[in-house]
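The next block holds one structure in the form of structure tokens; read it before the comments.
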Protein chains: 2
Amino acid sequence: MGATKTDHFTDQQNQIAIIAKALGHPARIAIIEYLLKVNACICGDIVNELPLAQPTVSQHLKELKNAGLIKGNIEGNAICYCIDEKTFDVLKEYFSKIITTVIKQNCC
Amino acid sequence: MGATKTDHFTDQQNQIAIIAKALGHPARIAIIEYLLKVNACICGDIVNELPLAQPTVSQHLKELKNAGLIKGNIEGNAICYCIDEKTFDVLKEYFSKIITTVIKQNCC
DNA sequence: AACAATAATCGTAATATTGCAATATTAATA
DNA sequence: TATTAATATTGCAATATTACGATTATTGTT
């Protein structure tokens, strides 16, 4: 026990869950917001912006990248991270559909 | 170590993370989709729809409720669960803002 | 009141996540 | 080629999550 029963659910359900899970940590939300704030993708100082050690930040970046929420391009000895809006759009569309369906059924 | 450093982030960052985390499990996505499918909130047979035991489902429902994603009304000896679209809307608006900001900055 | 049905809670085992120190890797520069 | 800077990986301790059997409310029905 203890492990998520991934096999029992559909691919789409698992995909949405993976993306949502990646956003389910304040440090990763903070990273996303910082990438937005700098208003460009010439990054490399994310570590200095967060109250976490470098390996921890690196791990969070890895998870955001695995979920497809950010892209990372190598720029010399630094790495340029930026937001991949396609994946955010998947979530946005998914939630939009939920909201309109709920409003239609008009219950409770 | 091990525990999330909640204090170091803003309330909004934590709030978004809590909601996203609650959706970060395929069983909870499946519950949401089932609540949509039945097209009404006279539920109580969610357990039969999922490949999980009753206490496990009950726990997932509790987490969705804590995050504000569903509401639960007592209806006799059953409980009527339904989606709380307000919380979904918070997420949708948050992601919409991210997407438009990224498109504006037009990087990578 | 006894019984059945429904869902929550408790306790616990298995597994996953978080965070960091230490170390490794990679690439620019002196 | 050493040195430096930036990021990744490894290993591990602390904590959280997932899942479920057993049990406990709670409410409706007989």
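Labels below follow one simple rule: chain letters A, B, ... track the order of the sequence lines, proteins then strands, and each chain is numbered from 1. Every heavy atom of this structure was used, including side-chain atoms; hydrogens, water molecules and symmetry mates were not.
- Linking Ile, Leu, Val, Met, Phe, Trp and Tyr residues whenever their side-chain heavy atoms come within less than 4.5 Å leaves Ile18(B) and Leu91(B) in two separate clusters.
- Taking only side-chain nitrogens and oxygens, His60(B) comes nearer than 4.0 Å to OP1 or OP2 of dA19(D).
- Going from atom CD1 of Ile79(B) over to atom C1' of dG28(D) covers 14 Å, rounded to whole Å.
- Counting any heavy atom pair closer than 4.0 Å across all strands shown, Thr56(B) reaches a base atom.
- When the P atom of dC10(C) is taken as reference, atom CD of Gln59(B) falls 11 Å away, rounded to whole Å.
- Put simply, the side chain of Ile19(B) does not reach to within 4.5 Å of the side chain of Leu23(A), judged on heavy atoms.
- Between Leu35(A) and Ile46(A) the shortest side-chain heavy-atom distance falls below 4.5 Å.
- Under the 4.5 Å side-chain criterion, counting only non-hydrogen atoms from C-beta, His60(A) is in contact with Leu52(A).
- With rounding to whole Å, Leu50(A) atom CG is found 10 Å from dG19(C) atom P.
- One atom, CG of Asn48(B), and another, C1' of dA7(C), lie 12 Å apart when rounded to the nearest Å.
- Atom P of nucleotide dT7(D) and atom CD1 of Ile70(A) are separated by 12 Å, given to the nearest angstrom.
- For residues 14-29 of chain B, proximity to DNA chain D is found at Lys21(B), His25(B), Arg28(B), defined as any non-hydrogen atom under 4.0 angstrom from a strand atom.
- Here the side chain of Pro55(B) is nearest to one of dG21(D), dG19(C), dA16(D), namely dG21(D).
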Worksheet item: How far apart are the C-alpha atoms of Val90(B) and Lys86(B), what are their side-chain angles, what is the distance that settles it, and do they pass the side chain to side chain contact (heavy atoms under 4.5 Å, CB included) test?
Response: CA-CA 6 Å; Val90(B) 170; Lys86(B) 283 194 305 297; 5.9 Å; no
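- For the pair Thr101(A) (side chain) and Leu36(B) (backbone), a donor-acceptor distance under 3.5 Å is absent.
- Between the CG atom of Leu52(A) and the C1' atom of dT18(C) there is a distance of 9 Å, rounded to whole Å.
- The closest side-chain heavy-atom distance from Ile70(B) to Ile32(B) is below 4.5 Å.
- Side-chain atoms of Glu49(B) and Lys37(B), non-hydrogen and from C-beta on, do get closer than 4.5 Å to each other.
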Practice prompt. Using a 3.5 Å limit on both pairing distances, list the dot-bracket string of DNA chain C from the 5' end; Watson-Crick and G-U wobble pairs count, crossing pairs take [ ], interstrand pairs take |.
Written response: ||||||||||||||||||||||||||||||
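- Nearest nucleotide to the Glu63(B) side chain, out of dT18(D), dT15(D), dC20(C): dT18(D).
- Nucleotide dT7(D) holds its P atom 12 Å from the NZ atom of Lys65(A), rounded to whole Å.
- A residue-by-residue look at Thr4(A) and Thr6(B) shows that Thr4(A) has its nearest nucleotide of DNA chain C further toward the 5' end.
- In this entry the distance linking NZ of Lys62(A) with C1' of dA6(D) reads 17 Å, nearest Å.
- Put simply, the side chain of Gln54(B) and the base of dA8(C) share a donor and an acceptor less than 3.5 Å apart.
- Between Tyr81(B) and dT6(C) there is no side-chain N or O to OP1 or OP2 distance below 4.0 Å.
- No side-chain heavy atom of Lys97(A) sits less than 4.5 Å from a side-chain heavy atom of Glu93(A).
- Under the 30°/60° scheme for interplanar angles, the aromatic rings of His25(B) and Phe9(A) are found to stand perpendicular.
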